[in-house]
Amino acid sequence: MTEVQGVSVHLQACAKTFPDGTRALEAVSLDVARGETMVFLGPSGCGKTTTLRIIAGLERPDAGGRVLFDGEDVTHLPIERRKVGMVFQSYALFPNMSVAENIGYSLKIRGIDRAERAARVAELMALTGIGGLENRSIDQLSGGQRQRVALARAVAMRPRVLLLDEPLTALDASLRERLRAELNRLLRSLGITAVYVTHDQAEAMALGDRIVVMRSGAIAQIGTPREIYFEPANRFVAEFVGAANILEAEAGEGFLALRGGRLPIGGSAKAVKGNVVAMVRPEAVTFVAPEGALLTGRVETVSFIGDRLRCTVVGVSERPLSIDAPNTISVSPGDQVGLSIDPDAVRLFPKESA
Amino acid sequence: MTEVQGVSVHLQACAKTFPDGTRALEAVSLDVARGETMVFLGPSGCGKTTTLRIIAGLERPDAGGRVLFDGEDVTHLPIERRKVGMVFQSYALFPNMSVAENIGYSLKIRGIDRAERAARVAELMALTGIGGLENRSIDQLSGGQRQRVALARAVAMRPRVLLLDEPLTALDASLRERLRAELNRLLRSLGITAVYVTHDQAEAMALGDRIVVMRSGAIAQIGTPREIYFEPANRFVAEFVGAANILEAEAGEGFLALRGGRLPIGGSAKAVKGNVVAMVRPEAVTFVAPEGALLTGRVETVSFIGDRLRCTVVGVSERPLSIDAPNTISVSPGDQVGLSIDPDAVRLFPKESA
Amino acid sequence: MSGATFLRLSLVPLAVIVLAFFVLPMSQLIIAGANGPLGLKAYAAILLEPRYRETLVNTVLLSLAVTLATLVISTIAGLFVQRNRFPGRAVLIAMLTFPLAFPGVVVGFMIILLAGRQGLIGEVTQNLAGGKVVFAYSIGGLFLGYLYFSIPRVILTVMAAVEKLDPRLEEAARSLGAGPWAVQRDVILPALTPAFIASSAISFATAMGAFGTAFTLATNIDVLAMLIYTEFTLGANIAMAAALSVGLGVVAWAILALARSFAGAAVAAAG
Amino acid sequence: MSGATFLRLSLVPLAVIVLAFFVLPMSQLIIAGANGPLGLKAYAAILLEPRYRETLVNTVLLSLAVTLATLVISTIAGLFVQRNRFPGRAVLIAMLTFPLAFPGVVVGFMIILLAGRQGLIGEVTQNLAGGKVVFAYSIGGLFLGYLYFSIPRVILTVMAAVEKLDPRLEEAARSLGAGPWAVQRDVILPALTPAFIASSAISFATAMGAFGTAFTLATNIDVLAMLIYTEFTLGANIAMAAALSVGLGVVAWAILALARSFAGAAVAAAG
């Protein structure tokens, strides 16, 4: 499998307007490095799938847009000649073929002889952990097995880019998490260039070398999972990726003035003055004794969800503050509490950022 | 709505054998208190839905089993005379009726006059947050709206018990979480006795006053969410509810002897000696400096999932140890680390407990 | 060549087929109807001439009666067979659907064997009551014969619809206090409505045009298909036969189109 | 009264209906076949008597040819119409399905208008080539007439099946390197197979038993339904007619049953 090699992908001003006039994608430019896993994340209708389909060759970008694989212009190449692998949410396995026939289909189309095909199929089935299912028909497989077959089929001909369109969305939560880990291992071990579309931020975090957050047909932010999570470019990214408390407040002298007290802000944000929008993650807030605390409030709800407590505290800002606390502390609705927030955990946005 | 009153539910030796000989449920006895929300949690096929259907009157228990509502024997009462409300995973809304007609159906069946019906329907729609949708047809509704209609319909006639069979499973993750919170508020404010079936442990934790964990047609444990999470009765419960590290080790002198060092154990477990099975939750393990640490190991994987880091550490026990660490610490694969575990966070099971 | 091109190439044979095969004879038929001694009045004569009008009314009434009877019988039978598991169920289904394979002539033939001059019913009634009951050649025989055609088809449609019913719907209704009759009225029958509309339309259209049965029975009741045949071969009145054909086609097609607009794809599937 | 009791009560009418309506005439038919001068040999005569055998073979061959032609035409047309949006599409679909509403007599009549002695094709060929082409009364006319019956029904089935095709299947095949022809061969046609089996069976069974068209054309080719009619009314050979009817029913029913076991519910729906 070591000979699998990805290409770099370059999108240059790719916009997409559908025949009915819908503008699905503003002119988007971006690079995916060789061997990188790039995740497109966003709500439905944000253009992430359209971008994927443009890379695949299932959609042509509007005039002016170009798609390059390792510098080669493939904009006008139909999908069947782009040598890309695709995995769909619905699996899209051929129901009239066995598992082995599905996986070997791209090899058969390319005229590779039976013996070589069988060897390659066996290798792929071992790799994806479905050995022994060769002669099963598709409708005898579980959802997880189907997705593994779809993956093996997509990488069988050593594609230049592997394109995955919400491949895990149809599976249930625990299976999704297990397959996510497997998929991660597989993508790393293949060293393949992968473009992955999802609306699930946990999936994006776990799989992406970098994440492209999209919104209304445009890119909202590109960055590593940590950059996206800790330094969201705007309020939309902050709220879409992870949970976020959004505080609208007056800034000055290194503090945010909130209803429940003063929240110190750090780093470059210290210099900011006037009306700002700030963001604090629920797990960045810790309970302290109310005496002497800079911020105080009253606990409204406490929900035990196993590995932590999900609490809301009122009286701190306009809206109740969400706090994720360790499951070992003891706190009840009605308690007066002090809150401590690391100044570095407060991120400021300009007020107009939507 | 204040006049809604729940009953207590008592199941007495209710077993269920289907006509084809399948034993779906061993003889189960349990009590649901008036106004309590009892959640049945377990993998598919564990008997949780069969139990719900026995309470509903959709299945008869085998001879000897009895179902009592507030002491009244309802075992032989068909569902239409038990006065229970039901909410299904598939919503089961009547497609030939409008939203208002669906919600008012049980009132119409009982011959309540049009004006009173309309008032009650309006009240329920306001309560479940679907005001204004009265005349919509069912296929114009989103999944979340459908579930709200189903809920309003089920509580319209003030049922003695509200039975919910995986009501949120068909919804997507973020909507599920929002509706869970709403449902929680509604159940509390109605003060209704509720029996809730789910395979999702987060849902069970968030909603249940008590949880019945089921396995292979029998009860594995009954307890509050905290009891189930912190003091699971056996290995099955520990692994099914939340993530768990299972350690097989030698106990003695208040310590567990592990490959990576010694793990102090506390409380009554101190006296235990010999081979034991211990359980430690991933969030109960914290990283410390390797020097002087009682337990040491090497970090194998680190996965950033936003609000925390999910790490695995090898060299501590037979299997890699899963650790959930705060997202603020810095740790990389290959690091030698020390581990600290609160003795009270270690739970011991007898070795034979499966 | 892209998939779109591939499909576009099929436009040529399609256009040829539609033109040669569908449009030509149909327009021929319409023209023939207006080309007789009566001209366009041939179409008016369908309604104005008492003999034609009576036949049209007879045919429509008979078709309606057959459709109604079929619906009632098939719903009960379809619900029962789909919902119950009992020994011999597979044989029963096979038997119920067997007449699908019979042409109209054979059905007519069977009616004669059953209710004709030497038929079973005649023999039984003669022995029991002294009077021979013979209804094969009357409207009763036609009615029975048409039922033969419709019932299997409608039963299959109803069974398919019942199979698709979500059993949770019924359980929900019962939990809300609905007894068995209320469940039938409020849940099951409404859910089957599209299947009812679809199969009624098919049943009606088939009955409107049935010829083999009527002809074999040499019935004394004129139905439209027979009238067309008589006008054409015996009366050599080609124009009137054509006008009647167009009229029959339009009525049946309108019923199908109407049903399709109500019940959507179900009609296509059942058609 | 529980739902089960309610349904159990329907057992009584069902049993009565099945017995009186289905079993009685069918057994009458089977008995009648064995009650003639030939006895049970009447059934053997279907295959042994050259005239009967020839008719049976003719009918089966004609039905097969009609089925095959229908499949090819309907698949191309159905794929095209379902996959493309163009002006006049709704009219085209309406036109394609119009013949569903026509009885066999009218279809026969249309064939005569098209290819009969005074038909359109005859006129055109006489003017162009000097020779009058008339094929309405030959096997060609029958073939064309039967196509009229089958095509609309099969097109609707194919269209419904195409609509249900997951477009992702096609895209997956293309991403794996399959060109348009390979996609048709490996993905689309296999996915339509159940629809093909179902509609072939219906088309075949209908063609086997079609009477009105053959009778109107007064064709010189004997088909089974005509033979049954002739034996019964003209030859008054009730036993042979009954035996032939049973034979025809068994062949058609076997084809339907076979198709149903392959394609499952699709046949019921298309039936």
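Lettering of chains follows the sequences in order, A, B, ..., and the numbering in each one begins at 1.
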Proximity breakdown for [X] and chain C, heavy-atom pairs closer than 4.5 Å:
{"X": "B/Met86", "answer": "both"}
{"X": "B/Arg81", "answer": "neither"}
{"X": "B/Leu93", "answer": "backbone"}
{"X": "B/Arg153", "answer": "both"}
{"X": "B/Phe88", "answer": "side chain"}

(request) Select, from C/Ala182, C/Ala178, C/Pro190, the one with the greatest count of heavy-atom pairs under 4.5 Å involving chain B. (result)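 That would be C/Ala178.
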
Atom [atom1] in [X], atom [atom2] in [Y]: separation rounded to 0.5 Å?
{"X": "C/Leu176", "Y": "B/Leu107", "atom1": "CG", "atom2": "CG", "value": "9.0 Å"}
{"X": "B/Ile109", "Y": "C/Arg174", "atom1": "CD1", "atom2": "CZ", "value": "12.5 Å"}
{"X": "B/Asn96", "Y": "C/Thr193", "atom1": "CG", "atom2": "OG1", "value": "7.5 Å"}

(request) Would you mind checking which part of C/Ala191 comes under 4.5 Å of any heavy atom in chain B, side chain (CB onward), backbone (N, CA, C, O), both or neither? (result)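 Contact with chain B involves no heavy atom of C/Ala191 at all.
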
(request) State whether the number of non-hydrogen atoms from other residues, nucleotides or ligands found under 6.0 Å of B/Lys83 atom NZ is greater than 12. (result) yes

(message) Are there over 12 heavy-atom neighbours, none belonging to B/Gln140, within less than 6.0 Å of that residue's CD?
(response) yes

Are [X] and [Y] packed together at the side-chain level, in the sense that at least one heavy-atom pair is separated by less than 4.5 angstrom?
{"X": "B/Ile79", "Y": "C/Glu171", "value": "no"}
{"X": "C/Leu169", "Y": "B/Pro95", "value": "yes"}
{"X": "C/Asp186", "Y": "B/Tyr105", "value": "yes"}

How far apart are the closest heavy atoms of [X] and [Y], and which atoms are they?
{"X": "C/Arg168", "Y": "B/Ser90", "result": "CG-OG, 3.8 Å"}
{"X": "C/Pro180", "Y": "B/Glu80", "result": "CD-OE2, 4.2 Å"}
{"X": "B/Ala92", "Y": "C/Ala172", "result": "O-CB, 3.9 Å"}

